[in-house]
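One-based numbering, in listed order, for ligands and for the atoms of each.
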Amino acid sequence: MAKSHWRIGVAGLGTVGGGLVKFLAERPDFAPAGARAEIVGVSARSKDRLRDFDIGGYRWFEDPVALAADPDVDVFVELIGGAEGPAKAAVETALKLGKPVITANKALIATHGAALAVLAEAHDVPLLFEAAVMGGTPAVKMLREAMVGDEVDTVAGILNGTCNYILTEMEARSRTFADVLAEAQRLGYAEADPTTDIGGFDAAHKITILAALAFGCAPNFAAAEIEGVDQIELLDIKLAHDLGYRIRLVASAVRADGGVSVRVHPALAPLGHPLAETRGALNALFIEGRRIGRIFIQGPGAGAGPTAAAVAADIADVMTLARRPVFQAAATTLAPFTGVDAAHRLGKAYIRLLVKDQPGVIAAVSETLAEAGVSIDSFLQKSVEDAGGVPIVLTTHASPESVILEAVERIAALPAVLERPRMLRIARV
Ligand code: HSE
């Protein structure tokens, strides 16, 4: 029998949870299949915290697991966060009781998504997470639903707004990383402990999920190669610009050589390229399908309104009884994640050195690269006041990444090289 309304339990009343409470209050007409969604119970760390929305009309649960298990809750929405602990316990409880689960928790899905998908499909209930990747910009449904008729080879983009905001501000106002980060924390853009964002882990959770959706493999966060933006210096941003590039934190998942490469690292994108032109806290994503070709989307990756709209889209899927596998294919048939050997990856690089100002230094550097078989594409020497030496920066043509890394080690050992060289990859976009 059709429901007259769906009773929603919301665990977690932070930015996204608050956004969802407000969304459902503002949209009494939100009833994609005729029935309405009504929040009946909520749970959060503190009941009495000052909030700019009213939770007085909902039953309060100290324990999110009890909320998930409550017989009056039809759909459980998990907005607590974290791969382990109460979020995982509550999601498992709801799925085992045959309740649809909606979550914005990328750490949980990237880490335990394969097991949770088996659980959801065994109990024949949806497990949905549109809000976990790119906030309000629909990337999950695009891959899981719209692209399922194609074979996707590459998914790559900017998946962390905090990092993109920091990089944009550093370049636009010639500010240091530490300075912009401190301001972002003061303004509440970045978490008090920003490691998840600036260390690249948040973007890695998201690209791990997108890889599973794009390639039909089990999500495997442990296999992601991760480097954040915390070592990016203003000097690199300026030199990259002089060479015609902008530094971005790029997350990519590429199907190659019978395996999948999932990585997050700073990379140089050519000025004018959509990734280079994605500014501030925006997110952006390329998807390349064999038949469809290249798709580009860009939009807000965070924020109460956009992310709550993504949760609402999942609520709509539950209410319309839409049913898909959790990832690209049935959970029990997902291929195991097979990584790609880094030694076989080809790429171009940016290498920045601080050297003594004396004859023969440039010759020694280019000789080391020539011996390794790495060809130089461009070369720039720049006098910078108080640098304690002369910065030189070069870009290479495409070479095996392992060969470039080995050459950089040899350059580091040259007597005229004053500090550890800085190597950044040039985005393959
Ligand atoms: N912390 C994330 C970001 C938003 O900065 O993009 C939530 O996923």
Side-chain angles (χ1 to χ4, degrees), residues 12-20 77-83 87 102-111 113 128-141 143 155-170 177 180-211 213 219 221 224 226-230 232 247-253 264-267 275 278-285 297-314:
L13 293 172
T15 306
V16 186
L20 182 62
V77 180
E78 185 274 306
L79 305 171
I80 303 168
I102 295 163
T103 177
N105 188 337
K106 52 239 152 192
L108 177 71
I109 299 298
T111 312
L128 301 167
F129 42 85
E130 182 61 61
V133 184
M134 294 184 83
T137 309
V140 171
K141 289 192 205 307
L143 282 168
V155 186
I158 294 169
L159 298 180
N160 186 269
T162 303
C163 291
N164 211 58
Y165 170 79
I166 292 173
L167 294 172
T168 305
E169 277 296 299
M170 285 173 75
F177 177 83
V180 181
L181 174 60
E183 185 196 58
Q185 283 173 309
R186 229 177 14 252
L187 295 172
Y189 298 160
E191 303 288 330
D193 174 6
T195 323
T196 310
D197 286 322
I198 65 172
F201 303 103
D202 174 77
H205 287 139
K206 293 167 179 167
I207 196 70
T208 296
I209 295 171
L210 295 184
L213 291 163
F221 178 62
I226 309 168
E227 186 187 327
V229 295
D230 36 345
I232 298 294
I247 299 177
R248 291 290 179 250
L249 186 69
V250 176
S252 62
V264 174
H265 54 72
L275 292 186
T278 297
R279 291 166 203 263
L282 281 179
N283 281 198
L285 189 73
I297 52 172
Q298 186 187 58
T307 314
V311 174
D314 281 345

With side-chain contact (heavy atoms from CB on, under 4.5 Å) as the criterion, how do I209 and V133 come out once you've worked through the C-alpha distance, each side chain's angles and the decisive distance to 0.1 Å?
CA-CA 8 Å; I209 295 171; V133 184; 4.1 Å; yes
Using a strict cut-off of 4.0 Å, indicate which atoms of ligand 1 neighbour a heavy atom of [X].
X: G161; result: 3 (C), 5 (O), 6 (O)
X: T162; result: 3 (C), 5 (O), 6 (O)
X: K106; result: 7 (C), 8 (O)

For [X] versus [Y], what's the shortest heavy-atom pair and its separation?
X: A139; Y: L210; result: CB-CD2, 4.2 Å
X: A310; Y: G136; result: CB-CA, 4.3 Å
X: H265; Y: L249; result: C-CD1, 3.6 Å

Do any nitrogen or oxygen atoms of A302 come within less than 3.5 Å of a nitrogen or oxygen of ligand 1?
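It does not: no N or O of A302 is found under 3.5 Å from an N or O of ligand 1.
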With a 4.5 Å limit on heavy-atom distance, are the side chains of T137 and Q298 in contact?
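T137 does not reach Q298 side chain to side chain.
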Just heavy atoms, cut-off under 4.0 Å: does N283 contact ligand 1 by side chain, backbone, both, or neither?
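N283 to ligand 1: no contact under 4.0 Å from either part.
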